[in-house]
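Below: one structure, written as structure tokens.
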Amino acid sequence: QFEWDPKKKTIAILGTGWGSVSLLKDLDTENYNVVLVSPRAYFLFTPLLPSCTVGTIELRSIMQPIRFLTRFKKREILFIEGNCTKVDPDSQVITVEDSSQVTGDVSVTNIKYDYLVVGVGAENATFGIPGVKEHASFLKEAWDARRIRTQLLDCLESAAFPNQTDSEKERLLHMVVVGGGPTGVEYAAELHDFLNQDITTWYPEVAGKFKITLVEATPHVLGMFPPDLIAYTEKTFAENKVDIRNNTAVKEVRQKEIVVFNRDKQTSETIPYGLLVWATGNAPRPLVVDLIAQLPKDVQNQRRGLVTDDWLVVKGSPRGSIFALGDCSATKWAPTAQVASRQGAYLANLFGHLATMKREKAKLEDEGKSPVDVIHTLPPFVYTHMGSLAYVGGEKAIADLPGNIHIGGMLTFYFWRSAYLSNLFTLRNRTLVAFDWMKCKIFGRDISRE
Ligand code: NAD
């Protein structure tokens, strides 16, 4: 049972993604009242989300209920499944609304905090391009993967429908991925495997018409990887007959076609599609945009997210009471799971120190120092990059590792798999994912629609 201790400071944590969950895992809850707020009552292992869109892995295998974590901390955490709709930085209060479809008489509550940790992640960037929100599928959340899986199978069944015209078959079986970042590349790779290993078996009459196109606005996919790994990925895609359209920006999305502009040829073209997956990166959530607007403009000057100092304190937040981590913050590091989880572990350590330095705090406060000066007496966040991995299809992966080590191929694929397996949240997740991989190898993917 969660018990509020008025003698202890309250930390409110927003989000159940990489940053917040890593903080929760390591945080000593004896020292604080801890309130966790998120509309998502589970942690999702996002690096394996593309695998769920085609059924290589089942969604439940990469989800872990958050109460599993909150129940077993030394002092219990209060978990509220809801949306934080407002942060009032001056009065240090958050407003939370019940996010369930079925709500009770009470569905809004206000919580006073001493420290707030914002780890709400980001939305999908659409750059205001018309039609994206209406017609494209994103790939960020569990429900996105479920929706893509259903749509993909819909396209296959409709293409296989008796007397379907050839041009309509071609359209329905054209899978277009927009955005050549790691998300788009890994999704296209999974689609290729699905085609090669399953569609040819279960839909032989239409398999030959199945086509995958990856549209990227810049000259190459995977801009953040070294040139040799980019070349390796583009070569692997060419061998796998996945068409990469570099230097091509999507300008408009219609119900059955996209309008693209080729920057080399300076020409526009319409491309019909059956399924359109949109993976063009991150944009800040409305809560973050609203919070930025309440803080001083001279320090909160980034559109990407909340600007923090090296201790992850949100610049301009009163008394240094707000921290931000992960994709909702604008830092010098890429918005990756790796960075967010390191930041979470760092903050857990920082809160541990803050709880034990009462005497130092009192002394500094006597000297007229503000709470943020106390935080600045602690070591800042330091990030050591452990490398980047990406799956490129056909049981091949690429790895950009520290020490300028760049590798790609089948061995890297096994390294990719073992790295992800060992990083999964619990033994339960590890077991489920390992079984899914085995099941897929022996029986193929499940092509039934839910
Ligand atoms: P991203 O920002 O890395 O890539 C988006 C791509 O979309 C860019 O290459 C951009 O040029 C392109 N784009 C933008 N607008 C376009 C348009 N109108 N038409 C065509 N192309 C357009 O996005 P992401 O792949 O979602 O990744 C987000 C973050 O998560 C990144 O920091 C990434 O490194 C990280 N991530 C890492 C991994 C991994 O390491 N395996 C996996 C997934 C995500």
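The structure presented is a predicted model; accordingly, all values stated were derived computationally and were not measured. Each ligand, and each atom within it, is numbered from 1 in the order the structure gives. Side-chain atoms are counted along with the backbone in the values below, which use heavy atoms only and exclude waters and symmetry mates.
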- prompt: Does one side chain, of E216 or T218, offer a donor that lies under 3.5 Å from an acceptor on the other?
  reply: yes
message: Is it the case that the side chains of S99 and N83 hold a donor-acceptor pair, with the cut-off being a distance below 3.5 Å and no angle test?
response: no
field: Partners meeting side chain to side chain contact (heavy atoms under 4.5 Å, CB included) with A159 (sequence neighbours left out)
entry: K169, L172, L173, V206
Could you give the N/O to N/O pairs under 3.5 Å linking ligand 1 and the protein, each with its distance?
| from | atom 1 | to | atom 2 | distance (Å) |
| --- | --- | --- | --- | --- |
| ligand 1 | 9 (O) | E216 | OE1 | 2.7 |
| ligand 1 | 9 (O) | E216 | OE2 | 3.1 |
| ligand 1 | 11 (O) | E216 | OE2 | 2.6 |
| ligand 1 | 18 (N) | V250 | O | 3.3 |
| ligand 1 | 19 (N) | V250 | N | 3.0 |
| ligand 1 | 21 (N) | A217 | N | 3.1 |
| ligand 1 | 23 (O) | G281 | N | 3.4 |
| ligand 1 | 25 (O) | P182 | N | 3.3 |
| ligand 1 | 25 (O) | T183 | N | 3.0 |
| ligand 1 | 25 (O) | T183 | OG1 | 3.0 |
| ligand 1 | 26 (O) | T183 | OG1 | 3.0 |
| ligand 1 | 30 (O) | P335 | O | 3.4 |
| ligand 1 | 40 (O) | L389 | O | 3.4 |
| ligand 1 | 41 (N) | L389 | O | 2.6 |

- prompt: Which pairs, with at least one residue in residues 320-330 and sequence neighbours excluded, count as a side-chain hydrogen bond (donor to acceptor under 3.5 Å, both in side chains)?
  reply: N282-D327
query: So, does E257 use its side chain to make a donor-acceptor pair with the main chain of P272 at under 3.5 Å?
result: no
query: With sequence neighbours left out, what residues match T248 under side chain to side chain contact (heavy atoms under 4.5 Å, CB included)?
result: V215, R245, V260, N262
